Amino acid sequence: MLSKRIIPCLDVKDGRTVKGVNFVDLKDAGDPVALAAQYAQQGADELVFLDITATHERRDTTIDMVKAVARELNIPFTIGGGISSVANAEALLNAGADKISINSAAVRNPALIEELAKAFGVQFVVLAVDTKYTGGKNLVHLNGGRLATELETETWIKRAEELGAGEILLTSMDHDGTKQGFDCNLLDKICRSINIPVIASGGAGTTAHFTEVFTQTGVDAALAASVFHFGEIAIPDLKQELNKHGIPVRL
Amino acid sequence: MIGIVNYGAGNIFSLTSALQRLQLAYGMVDTEADLDKYSHIIIPGVGHAGTAMKKLEQTGLVEPLKKLQKPVLGICVGMQLLTRHSEEGDADMMNIFPLETKLFDKEKHIKIPHMGWNNVNFKNNLLFEGVENQTQFYFVHSYFIEYNPIFDIATVDYGVQFSAAIQKDNFYAVQFHPEKSGAAGERLLKNFSTITP
């Protein structure tokens with residue numbers, strides 16, 4: 001049976017992991033390779049790196065980091081952030097990334113999804129969507145939720161599937177950072193409207209939240225950052241718990 | 001030493017990285033003459049099967065590969081290339097295995113691509129030596145190889161039961177990505193490297 005995936009998300013800047021990673025036994029919490037290896041060891045099924053490097057000049061550093069991660073990691077990983085062309089994506093593919101995630105660039109230029117899918121296959125293209133409930137609708141937001149668009153989340157995701165997105169990473173900005181649980185209503189609705197895998201993101205606080213999202217919605221994976229980074233939830237414990245609830249996981 | 005068929009279908013960095021971690025020596029196969037340099041051959045592949053086949057044909061390696069007596073391992077699209085035909089691009093493949101590569105059926109209420117870790121049920125085979133049955137391997141594909149008891153050495157369920165691994169004489173192939181399947185995948189690559197013709 002296909003397992004539900006648990007995905008830690010790491011923010012990287014200039015080739016280093018940033019934002020409060022607090023592993024006691026890690027000498028250098030900024031080393032993406034060491035962190036990635038640790039997560040793989042703990043049973044993470046996949047990793048997502050979000051590149052928040054501001055300047056284009058530093059993209060080479062990101063490529064080097066992706067290579068370093070690919071050399072050591074024996075599980076798949078996705079890299080997102082700042083990818084706006086087939087050339088950007090190809091460099092990351094050749095550096096060993098299994099998937100790339102695109103967000104704002106796809107909203108600005110939906111044809112990018114199609115171009116990427118044609119060039120590298122749909123399995124390579126993850127569409128990341130930041131959504132926020134605004135004026136009675138779930139609207140796609142850019143710039144980490146600060147910039148609202150007029151695009152309805154469900155409409156955009158359906159369109160992206162048609163264009164060739166192979167997977168959706170849906171982050172609820174309303175739930176992100178609250179630790180009050182995933183947006184199960186929206187995730188359920190989205191899963192019913194498309195036929196590609198969906199990764200739930202935003203709101204994980206407890207293991208019960210993961211059980212909830214996997215039992216109440218059709219999502220294929222759940223992503224979280226701080227609960228894993230700060231050791232609030234240990235991946236082996238989480239998987240045991242999910243297993244107890246009859247949710248298929250890789251133990 | 002392992003030779004990797006270098007025909008331009010997808011990225012091989014992950015595969016070469018896995019071989020490096022396992023301290024297995026490898027090199028690239030660009031021409032027919034290169035095939036003689038290696039004891040084992042891997043045919044990788046990601047992306048569109050029809051396009052991959054065209055690229056492989058352009059290298060002139062199809063016939064020499066078919067004649068090989070040494071162990072060959074096809075991975076993912078590299079597996080599909082060994083079949084007779086793929087629905088992806090309605091393309092004729094190498095026809096080493098008289099099998100069909102088919103598109104998953106949406107009507108089965110499954111998401112396509114089949115992406116993630118799935119349990120592999122294998123038969124007694126050198127490739128899976130030391131791996132526990134029902135271990136999960138990492139899959140990512142929209143087309144699959146029909147189950148056929150003659151060639152099947154491992155099955156997996158996703159809407160249908162299909163072949164996760166097949167073998168015919170010296171030709172082995174896996175639909176999942178051993179280079180991305182954790183310790184079990186690494187063991188499988190190691191096992192392949194020790195298979196003798």
Side-chain angles (χ1 to χ4, degrees), chain A residues 1-7 37 40-41 43-46 63 66-78 89-99 117-126 161 165-168 191-192 194-199 218-221 248-251, chain B residues 9-22 45-49 51-52 76-77 88 104-121 132 134-143 156-159 176-187 189:
Chain A
M1 202 167 183
L2 186 63
S3 298
K4 299 291 183 181
R5 288 171 278 150
I6 300 298
I7 308 177
Q41 186 66 33
D45 297 303
E46 208 172 300
I63 301 283
V66 168
K67 276 190 186 164
V69 170
R71 265 185 215 111
E72 289 307 317
L73 201 63
N74 59 13
I75 59 169
F77 70 97
T78 300
E90 188 166 22
L92 295 164
L93 173 77
N94 291 335
D98 296 280
K99 301 184 247 185
K118 275 214 179 107
F120 313 114
V122 297
Q123 84 293 332
F124 184 61
V125 187
V126 182
E161 179 187 27
E167 190 169 39
I168 302 293
C191 287
R192 286 173 193 279
I194 55 171
N195 203 47
I196 52 176
V198 174
I199 304 170
V219 298
D220 303 87
V249 286
R250 183 174 70 105
L251 294 172
Chain B
N11 138 62
I12 54 167
F13 192 82
S14 298
L15 176 63
T16 57
S17 297
L19 297 177
Q20 274 171 23
R21 286 196 300 275
L22 292 162
V46 195
H48 189 281
T51 310
C76 195
V77 169
E88 191 172 24
F104 280 116
D105 185 0
K106 269 190 185 180
E107 304 306 316
K108 304 264 186 203
H109 302 290
I110 50 169
K111 298 184 187 188
I112 305 168
H114 173 219
M115 187 189 285
W117 300 77
N118 207 335
N119 302 83
V120 170
N121 183 17
E132 204 178 318
Q134 295 295 341
T135 294
Q136 287 113 325
F137 287 84
Y138 184 77
F139 290 82
V140 52
H141 60 121
S142 301
Y143 292 79
V156 56
D157 281 304
Y158 192 65
F176 49 80
H177 287 273
E179 74 279 18
K180 288 288 167 181
S181 293
E186 287 174 348
R187 179 63 197 259
L189 288 171

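Everything numeric here is computed off the predicted structure, so don't read it as measured data. Each chain gets a letter, A, B and so on, in the order its sequence line appears, and its residues count up from 1.
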_From E179(B) atom CD to D98(A) atom CG, the distance as rounded to the nearest 0.5 Å_ = 8.0 Å
_What's the separation between atom CG in N94(A) and atom CZ in F13(B), rounded to the nearest 0.5 Å?_
10.0 Å
*Who wins among T135(B), I12(B), V46(B), I110(B) for the most heavy-atom pairs under 4.5 Å with chain A?*
I110(B)
*asked:* Within the 4.5 Å heavy-atom criterion, are N195(A) and I112(B) side-chain neighbours or not?
replied: yes
*Any idea which of G185(B), G116(B), G47(B) has the most non-hydrogen atom pairs under 4.5 angstrom with chain A?*
G116(B)
_Where P113(B) and G166(A) come nearest, the two heavy atoms and their spacing_ = CD-O, 3.7 Å
*Minimal non-hydrogen separation, L2(A) against N118(B), with atom names*: N-OD1, 3.3 Å
*State, to 0.1 Å, how close G96(A) and K180(B) come at their nearest heavy-atom pair, and which atoms those are.*
O-NZ, 4.1 Å
*Pick one of side chain, backbone, both or neither for L15(B), based on which atoms fall under 4.5 Å of a heavy atom in chain A.*
neither
*Can you tell which part of L73(A) gets under 4.5 Å to a heavy atom of chain B, answering side chain, backbone, both or neither?*
backbone
_Euclidean distance, L251(A) CG relative to Q136(B) CD, rounded to 0.5 Å_ = 7.0 Å
_E72(A) and Q20(B), any side-chain heavy atoms less than 4.5 Å apart_ = no
*Considering only heavy atoms, which portion of A40(A) lies under 4.5 Å from any heavy atom of chain B: side chain, backbone, both, or neither?*
neither
_Non-hydrogen side-chain atoms of W117(B) and P76(A) separated by less than 4.5 Å_ = yes
*Heavy-atom distance under 4.5 Å to chain B: side chain of K118(A), backbone, both or neither?*
neither
*Working to the nearest 0.5 Å, report the span between CG of N74(A) and OG of S17(B).*
11.0 Å
_Shorter than 4.5 Å, heavy atoms on both sides: which option in I194(A), I196(A), V249(A), V198(A) has the most such pairs with chain B?_
I196(A)
*By a 4.5 Å heavy-atom criterion (distance strictly below it), what part of H114(B) contacts chain A: side chain, backbone, both, or neither?*
side chain
*CD-CZ distance between Q123(A) and F139(B), expressed to the nearest 0.5 angstrom*: 15.0 Å
*Go through the atoms of E90(A) and report whether side chain, backbone, both or neither lie under 4.5 Å from a heavy atom of chain B.*
neither
*Can you tell me if CD on Q134(B) sees more than 12 non-hydrogen neighbours from other groups inside 6.0 Å?*
yes
_So for A119(A), is it side chain, backbone, both, or neither that comes closer than 4.5 Å to the heavy atoms of chain B?_
neither
*Select, from E46(A), R5(A), M1(A), the one with the greatest count of heavy-atom pairs under 4.5 Å involving chain B.*
M1(A)
*How far does OG1 of T16(B) sit from CZ of R71(A), to the nearest 0.5 angstrom?*
9.0 Å
